Every structure is written in C-alpha cells, then in structure tokens.
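Computed from a predicted model, the values in this text were never measured in an experiment. Atoms within a ligand are numbered from 1 in the order they appear, just like the ligands themselves. One-based numbering along the sequence shown. These values consider heavy atoms only, across backbone and side chains, with no hydrogens, waters or symmetry-generated copies.
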Amino acid sequence: MKICVIGTGYVGLVTGICFAEFGIHVTCVDKDEGKIKVLDTGRVPFYEPGLEELLRKNREEGRLFFTSDAGKAVRESKVIFIAVGTPGREDGSADLRYVEDVARTIGENINGYKVIVTKSTVPVGTGDWIRGVIASYRKNNEPFDIVSNPEFLREGSAVEDFLRPNRVVIGAGREEAMAVMKELYRPLYLIETPFVMTTVETAEMIKYASNAFLATKISFINEVANLCDSVGADVHVVAKAMGLDHRIGSKFLHPGPGFGGSCFPKDTAALLQLAEKNGYDFRIVQAVLEVNRMQWRRMVDKIRKVVGDLRGKTIGVLGLSFKPNTNDVRESPSVFIIRSLLTEGARVRAYDPAAMPDARSVLPEVTYVQDAYEAVREAEAVVLITEWNQFRNLDLERIKGLLRRPVFVDLRNVYEPDRMKQAGFTYVGVGRGGVQ
Ligand code: NAD
C-alpha cells in the first residue's frame, strides 16, 4: 500500500518516517521546497533525537520519498495523511486554511478510492467539513472516506512515542476505512498497543480533551506552587506525595514557568472557542489559560524581586525552547520572559543547545553565546528556564565565579535549595519557599 503524508513538520515527518519504518511505501510532501531539498539529502530540518537516523535508513532501503508535488503524491497514494499546521487565530479558534489547501488539492487529484486521514489537531466537525471541500473540487464521483487519527507524540521523544504509543485513536465512519487503518498500524497491534476505534467527531474531541487535561494539571500544580511559596511548604514533596496516589498520577505535576509550545496554548484556546460557539461556558479551561498567563508574569516578578530594578542589568538565560530536546520556540515561556526582561531595560545573554537559530528570529536583541558559562559571564543573575540535561549538572563554582552576584533563579526546580544555599547562592525556585 502506498501512502503520502502532507506537511513535513514535527508531526508529518515523524509520521511519514515511522510508517516507512513499519515497511510501508511513504511519500512525504511539503509546499516548502527548501525543506524538501534538505530532506532529500538525508537531513532533518529541525531537532528531534533519533529521527535523522531513521530517515536515512528508510530512504536507503527505498521506502521513503520526498516531494513538493502534492497532486502527484495524492494520485499515487491510497491513504493521504493531512499533517499541516493548524495555528491559533486571534480569537483562539483554529486556522484551517492549510487544511483547506490540502483538501482542495485532494479533491482536484482524486482518482479512485482514497482514505483521507487528519493527523493535524482540528476542531470537532472538521472531518465533515473536509469531506465537503473535497467533494466540491472532485471531478468524477470518486469515492473516499474521512478518518480522524489524532497525534499524541511529544517533541523530543517523538519517535519513541510514535513507535510505542500509549494508545492509537482512530475515528472513522465506515468499516472499509477502519480496515485500511488497522492494516497500516498492524505492527502496533502486534505489540498490544491499545486502540480506540470510534467516530470521527469523538476522535477529534479526544485530542482536545487530552491536551486540555494535561494543561490543567500543569496550571493546577503551578497554583499549588505559588501558594507553597507563600506558606513555606515544598511543592516538590507535595507533588510527589500527590502523584503516588494512582488516581492522580505523577506525570505533569512539575511546577515551573507555565506551559508553552505549539500545542497546549493553541489547543486549549481552540477548545474554549469551540465551547463558546456551542453555547457552553468551559470555565476550567478558561482558568487554566489565565493561570498560565499569570505564571509567566510571576516568573518575571521573581527575577525582579531578587535582582532589583532591571534597567541596565545583564541577565544570563539558560534555555530558549519551550521544553528540552526540541528547537521549537513557539509560545515558549522563555521567549515571553526574555521579552519582558528586555522591555524593562535588561540585557540578556542566552544559551540553548538547539533553539538559538529559531530564537534569533523572534528575539534579535539577545546576545547568543556558545555555552552555559558564557551566558552567565558578568550577569547579575542566572535564570534557568528550560531543563535541558546539560543544565542539570553545572559546575556551580565556575558559575559563581563568572556571575557579578551569585543569584540563581531556577524556574524548573532542577537544583536543591539547601545545596545551592550551601554553595553560596541566593537561590530562587518555584514553590520551594524563598522569593515569591
Ligand atoms: P509544523 O508547523 O511544524 O509543520 C507544518 C508543515 O506543513 C510545514 O512544514 C508547512 O510548510 C507544511 N504545509 C503547510 N501547508 C501545506 C500545504 N498546503 N501543502 C504541503 N505542506 C504544507 O506543524 P506541526 O508542529 O508538525 O503540527 C502539525 C499539526 O499536528 C498541528 O495541527 C498540530 O497541532 C498537531 N500536533 C502537533 C504536535 C507537536 O508536538 N508539534 C503534536 C501533536 C499534534
């Protein structure tokens, strides 16, 4: 069976390469010809551990192809995955213009039975809408089915998440399409991955509900952390004890600067918008977003409280991506915090192992340096914002020697407050006492 994946971003490329790894003939399509050229030389245009090796392997074994000719890829494929971006619009709703472009191309090129699968995160009802767009561009009455197969991978561990997912969700209206999807995912059946087979609408909802729930856990623990700061309790111990309760679970209970990235902020906003459109006041998700915005601002307050007036001061920032192991700076708390520091007159020196080229285009005023130690040189404080592994074991004596004042603001609670105090730092974490 030949398939194509349209959109070779974080999701589309991982999907295409991993299906090739399952032994399927895959064509990855992108309208960005520059990206296709890079891919065609065996390189991945973004940072994702393990992906490039798999790309090269499957390309060499003759199962993986790249093109910017979407029409040809559609004509030659039985299954077409839509994996283009669905960014948020000003009002919070999902912008479906890229999905619409792809649906039109499919309609214009359909030449026999096809299964059209949405991997992009799209609001409930989009499957039906795509059906209408394809039907309106189709010349002959070629048959097709619409399937929703939302993606749950995490940037930074995307390959592992795709090859060994917690579950696969497939929403389809007809058995024929479901059978095609089962065939594609057969290798995951063999390792007993749970499959949830449902309708298109329910599958679309599962994705939004899942992301909104994870975002809720983050905002919840951040509020607990803020209260811990006031009452002198340690949020780490609180979260650990909470997480030992199986009904709660330990994941996503890490306090920090708030959630960011290309998914949680826009997906929670889109869910709110969907609720509003349907006359429902979704108060929890509304609060989750408000708390998140407040948390970003609170982090800047923490820095100001310990450094004082920021005008003319140099701050060393460690971490720019929204989380470790990715170069993605979309909606990164680090970008928000740095912007605020700059607005208040601070100078920022920053280091990130993978995200500096991306950050440069959104934060040109920052001085980018080659390692963590260069970032803190002559700074009034170091602020750790993204918990890359290489920031977990810093040479603290060296850091102290390079700083103007030994101030360590640890927005991911990577270090132990007592140890930092013993090492001679003024240490500020999130929800572990100290500066609020
Ligand atoms: P991305 O922005 O990294 O990639 C989108 C790609 O689509 C780009 O390369 C763009 O050039 C291409 N594209 C746009 N229009 C096209 C067209 N008409 N024809 C061909 N190519 C086109 O996006 P992403 O992060 O991979 O996200 C894609 C979707 O998956 C979104 O809906 C997102 O919400 C969802 N998702 C993302 C993640 C994640 O961690 N990034 C996880 C799960 C789901």
For the 3.5 Å polar cut-off, considering only N or O atoms, please tell me whether Glu155 and ligand 1 meet it.
yes
Hey, does Cys263 sit under 4.0 Å from ligand 1 if you only count heavy atoms?
yes
Which is it for Asp101 and ligand 1 at heavy atoms under 4.0 Å: side chain, backbone, both or neither?
side chain
Enclosure of Asp245 CG (heavy-atom neighbours >12, cutoff 6.0 Å):
yes
Carboxylate-amine/guanidinium proximity below 4.0 Å for Lys2 and Glu76:
no
Between Tyr113 and Phe144 (judged by ring centroids, cut-off 6.0 Å), do the two rings come close enough to count as a pair?
no
Is ligand 1 under 4.0 Å from a heavy atom in the side chain of Ser262, in the backbone, in both, or in neither?
side chain
Centroid separation Phe162 to Phe19 less than 6.0 Å
yes
For Phe152, the ring pair (Phe, Tyr, Trp, His ring centres under 6.0 Å) test, sequence neighbours excluded, returns none
Does any N or O atom in Lys119 lie less than 3.5 angstrom from one in ligand 1, N or O only?
no
Who pairs with Thr105 by side-chain hydrogen bond (donor to acceptor under 3.5 Å, both in side chains), at least two apart in sequence or on another chain?
none
Examine the proximity of ligand 1 to Lys35 and report which part, side chain or backbone, both or neither, has a heavy atom under 4.0 Å away.
side chain
Show which atoms of ligand 1 fall inside a sub-4.0 Å distance from at least one heavy-atom site of Gly85.
5 (C)
Salt-bridge contact Glu183-Arg186 (side-chain N to carboxylate O under 4.0 Å)
yes
Minimum non-hydrogen distance to atom 27 (O) of ligand 1, winning option of Val11, Thr8, Ile82
Val11
Note the single closest protein heavy atom to atom 7 (O) of ligand 1, along with its residue, its atom name and the distance in Å.
Gly7 CA, 3.5 Å
Counting only heavy atoms closer than 4.0 Å, does ligand 1 sit against the backbone of Arg330, its side chain, both, or neither?
side chain
Decide whether an N or O pair under 3.5 Å exists between Ile6 and ligand 1.
no
Can Asp229 and Lys302 be counted as an ion pair, charged N to O under 4.0 angstrom?
yes
Below 3.5 Å, N or O to N or O, backbone or side chain included: is there any such pair between Glu151 and ligand 1?
no
Polar proximity ligand 1 side, Thr121 side, N/O cut 3.5 Å exclusive:
yes
What residue and atom, counting heavy atoms only, is the protein's closest point to atom 28 (C) of ligand 1, and at what distance?
Val84 O, 3.5 Å
Going by the atom numbers of ligand 1, which of them fall below 4.0 Å from some non-hydrogen atom of Lys266?
33 (C), 34 (O)
Just go through Glu33, Lys31, Arg154 and tell me whose heavy atom is the nearest to atom 15 (N) of ligand 1.
Lys31
When Arg56 is tested against each of Glu53, Glu60, Glu52 for side-chain hydrogen bond (donor to acceptor under 3.5 Å, both in side chains), which residue passes?
Glu52
Can you name the nearest heavy-atom pair linking Val414 to Glu387, along with the distance?
CG2-CB, 3.8 Å
Would you indicate whether Ile248, at its atom CD1, is surrounded by more than 12 heavy atoms from other residues, nucleotides or ligands within a distance under 6.0 Å?
yes
Please classify the Ala83 to ligand 1 contact at 4.0 Å (heavy-atom distances, strictly less than): side chain, backbone, both or neither.
backbone
Note the single closest protein heavy atom to atom 12 (C) of ligand 1, along with its residue, its atom name and the distance in Å.
Asp30 OD2, 3.2 Å
Do Asp301 and Arg298 meet the salt-bridge criterion of a basic N to acidic O distance under 4.0 Å?
no
Ligand 1 atoms nearer than 4.0 angstrom to some heavy atom of Thr86 are 31 (C), 32 (O), 34 (O)
Among all protein heavy atoms, pick out the one at the shortest distance from atom 4 (O) of ligand 1; state its residue, atom name and that distance to 0.1 Å.
Gly9 CA, 3.2 Å
